[in-house]
Amino acid sequence: MPFPNSLWTSLFLFTLVSPVFSALYTTPSQLPQTTFDYIIVGAGTAGNVVANRLSEKEGVSVLVLEAGVSNEGVDAAAIPLLGPSLVPNTLYDWNYTTVEQKGYDNRVLPYSRGRMLGGSSSVNYLVYTRGSSDDFERIAKETGDSGWGWDNIKKYIPRHEKFVAPADGHDTKGEFTATAHGTDGILQISLPNFPNTLDERVMATTKELSKDFPFLEDHNGGDVLGIAWSQASIGGGARSSSATAYLSADFLKRPNLHVLINAQVTKLVQTGTQDGVAVFHGVEFATKAGEEVTTVTSTKETILSAGTIGTPTILQLSGIGDNDELTKVGIKTVFNNPSVGKNLTDHPLLANVYSVKGTESFDGLFRSTDTLHSNIERWVSNKTGPLTSSVCNHIGFFRLPDDSDLLKKFGDPSSGPKGAHLEMIFSNLWVQPGIPAPKTGSFFTITTSVTSPTSRGYTKLSSSDPFAKPTIDPNFLGTEFDRLALRQSVKLAQRFITASVWKDYITAPFGDYSRATTDDSLDAYARANAATFFHPVGTALMSPKGAQYGVTDPDLKVKGVQGLRIIDGSVLPYLPSGHTQAPIYLVAERAADLVKADNPVFGGSNSTSNGSTTGSNAGSRPGISVAVVGGAVASLLIISLTL
Ligand SMILES: Cc1cc2nc3c(=O)[nH]c(=O)nc-3n(C[C@H](O)[C@H](O)[C@H](O)COP(=O)(O)OP(=O)(O)OC[C@H]3O[C@@H](n4cnc5c(N)ncnc54)[C@H](O)[C@@H]3O)c2cc1C
Ligand SMILES: *[C@@H]1O[C@H](CO)[C@@H](O)[C@H](O)[C@H]1NC(C)=O
Ligand SMILES: *[C@@H]1O[C@H](CO)[C@@H](O)[C@H](O)[C@H]1NC(C)=O
Ligand SMILES: *[C@@H]1O[C@H](CO)[C@@H](O)[C@H](O)[C@H]1NC(C)=O
Ligand SMILES: *[C@@H]1O[C@H](CO)[C@@H](O)[C@H](O)[C@H]1NC(C)=O
Ligand SMILES: *[C@@H]1O[C@H](CO)[C@@H](O)[C@H](O)[C@H]1NC(C)=O
């Protein structure tokens, strides 16, 4: 959900400490060797999970290649509510844009992807939702691998999650279901870390309009339908990302784990042929365009974890993709697979803004440098205060009514009866992609979405130059179902605010939204204002072994070649009933077991029963917590007040 507050986007925080870690290399010459058991491309959300799990075993060498910079000392990546200043078009972003979106009045959108350790988990908006059990059941059913079903996937929660108390120490009774959580895993997750003025009103609405908007105790236990207290990837008031958690100092100490940043993989190199199939064990990378290329080799597997845009791009650059597309840009096809880069699926986002009374919204936090500074100083001194907030304290997921014309006409695109069609997010401030907050006024934004979109797009090479940006078309609102469902999502928001608690708070819908009074004007408003949740999946989707479509088998091995596996959001055949980071973490946890199961050195079978690697969470790397030194903060902030 973009937060294009011009104050945030022009805010830079510098650090005083830049620690060096033995196994974190910054230039290729520091690599101790050029051959590794496993090479992982992309130190992102999924890649770091796999790196962590494979390097559990002493003597198994793992190299992770990351194009971006370190997250270390990037304070906006640690302070939750400053996260939205990290993209678009920064040092931490791939700076992609979409092609003109027909469904959005031909607008071009920024299409951010994290480009630093932690990948998109270092720049995202921290919302943590695992999705519905039906989402996983559908994947299991369609791939023919019951291991993707919820009953198996949920076994990974205790190893993955460390559910912690919120930074404000409030009593969380009734805000979550303890049995849905792990407390001994690696990634820190918490309930809202700071209260806001919407909390009681949202809760009151779930009582007054309980039929339409029921309260759900916990949206991370397999059920998502209803309105729940939002959970976020935040621990001790700071962002918990795959970099701070799965690559913490304790893990980076492992002598068999090697992480190189500033290393952009330019292609995979075929190293041989086995049974008539190309074997890929070589990986080429460069520190920047025009620089010399370095080649490294995996003896066991190369694992692509470069994300939903990066992974198909690397496959295509390596000759694995749609023959016609590759030929057009002058790349020789090694394996013709037209599914590579197709089926791109993303959540449309529509931020519906209301003007509200009083000064209790968070809008004021970013209007004055003094206010912002004092809140940053508070965060630095004890990691509390409004900046520990994610973008919302409540989220709701909903289904269209069973008898809705939409479902009758188009069928049900959700994963099942527990899957969602629509989402609402309640934010205590102005959210409007690409449009800076007004200089005055207080706002309440209900961001809505189509959770089960039927539009599919693509990503393809624009050139054979690995440093060129790919052509990306998410095809937002490309189907009538999506257009009509987005309209329903706004109507849901409009029904939500009919509860009596909003009468003395909301003044009026703001801007364009105030003119969205008929179906036609509402659709026009949506086309002119909708954006993206940045949740792309599907461009290397898994399908049954032997299927005529798909990029990987259910064990995530790349079809048609040997030596390659894909572990990241691109393998998900559908969007979850929720945001994407949590399901991607869980997919990566299981995928690491699948890799282990193929290598006798890990004990001949997967390691689910071993559990292992818990208790190392204390290891957020030194630096994050001390990077900003109290009194120095104000002078280190460069802020241009361009609101
Ligand atoms: C602005 C924003 C807000 C979001 N908000 C939320 C949210 O609130 N909640 C939520 O659940 N999800 C959110 N998401 C989505 C979520 O973060 C992503 O779906 C998820 O993190 C993707 O994980 P991944 O492992 O597939 O890819 P990534 O985490 O993106 O990792 C890919 C990694 O590979 C690296 N890479 C790519 N190409 C190469 C190459 N050629 N060579 C070397 N390295 C390469 C990248 O730099 C990156 O580090 C958001 C995303 C964005 C961008
Ligand atoms: C993205 O844009 C920023 C700001 O212009 C720039 O510093 C960065 O190098 C760009 N990154 C890429 C990958 O193009
Ligand atoms: C996209 O995915 C669907 C299954 O969800 C599949 O039937 C179709 O063939 C895929 N398209 C391509 C081009 O691979
Ligand atoms: C944190 O510091 C702020 C002042 O910077 C103070 O108001 C607040 O009470 C402190 N909170 C805790 C939990 O110590
Ligand atoms: C691990 O092994 C068990 C028992 O053999 C099996 O049920 C489970 O599906 C396997 N998990 C993975 C990830 O392969
Ligand atoms: C699991 O535990 C057994 C016994 O301790 C050990 O031999 C094996 O290597 C472990 N497997 C993994 C993957 O750690």
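Predicted, not measured: the structure shown is a model, and the values here were computed from it. Below, all heavy atoms of this structure are taken into account, side chains as well, without hydrogens, waters or symmetry copies. Residue indices begin at 1 and follow the sequence shown. For ligands, and for the atoms within them, numbers begin at 1 and follow the listed sequence.
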State whether a side-chain donor-acceptor pair under 3.5 Å links Asp218 with Gln231. yes
With nothing but distance in play, are any N or O atoms of Thr45 less than 3.5 Å from an N or O of ligand 1? yes
Against heavy atoms of Ile314, which atoms of ligand 1 measure under 4.0 Å? 40 (C), 41 (N)
Can you confirm if the aromatic rings of His160 and Tyr585 lie within a centre distance of less than 6.0 Å? yes
Taking only non-hydrogen atoms of Gly44 and a 4.0 Å limit, the atoms of ligand 1 in range are 29 (O), 31 (O), 33 (C), 49 (O)
What is the ring orientation for His579 with Phe533, classed by angle as parallel under 30°, tilted 30 to 60°, or perpendicular over 60°? perpendicular
Looking at Ser381, which atoms of ligand 4 are within less than 4.0 Å of one of its heavy atoms? 2 (O), 5 (O)
Which is closest to atom 26 (O) of ligand 1 in terms of heavy atoms, Ser242, Gly569, Pro583, Gly47? Gly569
What atoms of ligand 1 come closer than 4.0 angstrom to any heavy atom of Ile584? 19 (O), 20 (C), 22 (C), 23 (O), 25 (O), 26 (O)
Counting non-hydrogen protein atoms only, what is the nearest one to atom 4 (C) of ligand 4? Give residue, atom name and distance. Arg378 CG, 4.3 Å
Heavy atoms only, cut-off 4.0 Å: how does Leu65 contact ligand 1, side chain, backbone, both, or neither? backbone
Evaluate the ring planes of His219 and Phe397, with Trp represented by its six-membered ring, and classify them as parallel (under 30°), tilted (30 to 60°) or perpendicular (over 60°). perpendicular
Against heavy atoms of Asn89, which atoms of ligand 2 measure under 4.0 Å? 2 (O), 4 (C)
Could you tell me if Ser233 and Gln581 have a donor-acceptor pair between their side chains, going purely by distance under 3.5 Å? yes
Any idea how Phe163 and Phe176 line up, ring-wise: parallel (<30°), tilted (30 to 60°), or perpendicular (>60°)? tilted
Where do His394 and Leu198 land on the side-chain contact (heavy atoms from CB on, under 4.5 Å) test, with the steps shown first? CA-CA 9 Å; His394 283 97; Leu198 302 179; over 6 Å; no
Indicate yes or no: does an N/O atom of Gln581 lie under 3.5 Å from an N/O atom of ligand 1? yes
How about Ser415 and Asp135: does a side-chain donor come under 3.5 Å of a side-chain acceptor? yes
Determine whether Asn262 and Glu66 satisfy the following criterion, side chain to side chain donor-acceptor pair (under 3.5 Å), listing intermediate values before the conclusion. CA-CA 6 Å; Asn262 310 315; Glu66 168 56 44; over 6 Å; no
Mode of Met116 contact toward ligand 1 - side chain, backbone, both, neither (heavy atoms, under 4.0 Å): backbone
Val127, portion touching ligand 1 at heavy-atom distance under 4.0 Å: both
Note: Val265, heavy atoms under 4.0 Å from ligand 1, region reported as both
How does Ser570 reach ligand 1, by side chain, by backbone, by both or by neither, if only non-hydrogen atoms under 4.0 Å count? neither
Atoms of ligand 1 less than 4.0 Å from Gly114 heavy atoms? 46 (C), 47 (O), 48 (C), 49 (O)
Check whether any heavy atom of Ser390 sits under 4.0 Å from an atom of ligand 1. no
Based purely on interatomic distance, does Arg115 place a nitrogen or oxygen under 3.5 Å from a nitrogen or oxygen of ligand 1? no
Under 4.0 Å, heavy-atom basis, I'd like to know which part of Leu126 is in contact with ligand 1: side chain, backbone, both or neither. backbone
Specify whether Phe534 and Tyr111 have parallel, tilted or perpendicular ring planes, treating 30° as the upper limit for parallel and 60° as the lower limit for perpendicular. tilted
Does atom 2 (O) of ligand 2 have a protein heavy-atom neighbour under 4.0 Å away? yes
Report yes if Val41 has an N/O atom closer than 3.5 Å to an N/O atom of ligand 1; otherwise report no. no
When you look for heavy atoms under 4.0 Å from ligand 2, do you find them on the side chain of Asn95, its backbone, both, or neither? side chain
With respect to Ala67, determine whether any N or O atom, backbone or side chain, lies less than 3.5 Å from an N or O atom of ligand 1. yes
Subset of ligand 1 atoms that lie under 4.0 Å from at least one heavy atom of Gly307: 26 (O), 27 (O), 32 (C)
State, to 0.1 Å, how close Ser390 and Ala232 come at their nearest heavy-atom pair, and which atoms those are. CB-CB, 4.0 Å
Please identify which atoms of ligand 1 are closer than 4.0 Å to at least one heavy atom of Asp568. 25 (O), 26 (O)
Nearest heavy atom to atom 32 (C) of ligand 1: which of Gly119, Ser233, Pro88, Ser305 does it belong to? Ser305
Distance-only N or O hit between ligand 1 and Glu66, under 3.5 Å: yes
Side chains of Ser122 and Arg239, donor plus acceptor under 3.5 Å: no
Polar side chain donor-acceptor pair, Ser427 to Thr445, under 3.5 angstrom: no
Proximal ligand 2 atoms for Arg115, defined as those under 4.0 Å from one of its heavy atoms: 13 (C)
Relative to the heavy atoms of Ser112, which atoms of ligand 1 are at a distance of less than 4.0 Å? 53 (C)
Could you check atom 6 (C) of ligand 4 against the protein and tell me its nearest heavy-atom contact, residue, atom and distance included? Asn382 ND2, 4.3 Å
Would you indicate whether the side-chain heavy atoms of Ile303 and Tyr38 approach each other to under 4.5 Å? yes
Less than 4.0 Å between a side-chain N and a carboxylate O, is that true for Asp223 and Arg130? no
Between Ala263 and ligand 1, which part of the residue brings a heavy atom under 4.0 Å of the ligand: side chain, backbone, both or neither? backbone
Considering both backbone and side-chain atoms of Ser120, is one of its nitrogen or oxygen atoms within less than 3.5 Å of a nitrogen or oxygen in ligand 1? yes
Side chain, backbone, both or neither: which applies to Lys469 and ligand 2 if a contact is any heavy-atom pair less than 4.0 Å apart? side chain
Quick one: does ligand 1 sit under 4.0 Å from the side chain of Trp94, the backbone, both or neither, non-hydrogen atoms only? side chain
For atom 9 (O) of ligand 2, closest protein heavy-atom neighbour: Leu91 CD1, 4.6 Å
Heavy atoms only: which of Phe467, Phe534, Tyr111, Phe533 lies closest to atom 2 (C) of ligand 1? Phe534
Is the Lys NZ or Arg CZ of Arg113 less than 6.0 Å from the centre of Trp94's six-membered ring, within 45° of the axis? no
Going by atom types alone, do Ser570 and Asp568 pair a side-chain donor with an acceptor below 3.5 Å? yes
Decide yes or no on side chain to side chain donor-acceptor pair (under 3.5 Å) for Thr532 and Asp346, but give the supporting numbers first. CA-CA 7 Å; Thr532 167; Asp346 196 355; 2.7 Å; yes
Closest approach of any protein heavy atom to atom 13 (C) of ligand 4, naming residue and atom: Thr384 CG2, 4.1 Å
At less than 4.0 angstrom from any non-hydrogen atom of Arg113, what atoms of ligand 1 do you find? 51 (C), 53 (C)
May I ask you to decide whether Lys267 forms a salt bridge with Glu284, counting only side-chain N to carboxylate O separations under 4.0 Å? no
About how many Å separate CG of Leu315 and CG of Leu564, when rounded to the nearest 0.5 Å? 7.0 Å
Could you walk me through whether Asn220 and Glu161 pass the side chain to side chain donor-acceptor pair (under 3.5 Å) check? CA-CA 11 Å; Asn220 276 330; Glu161 181 185 25; 5.7 Å; no
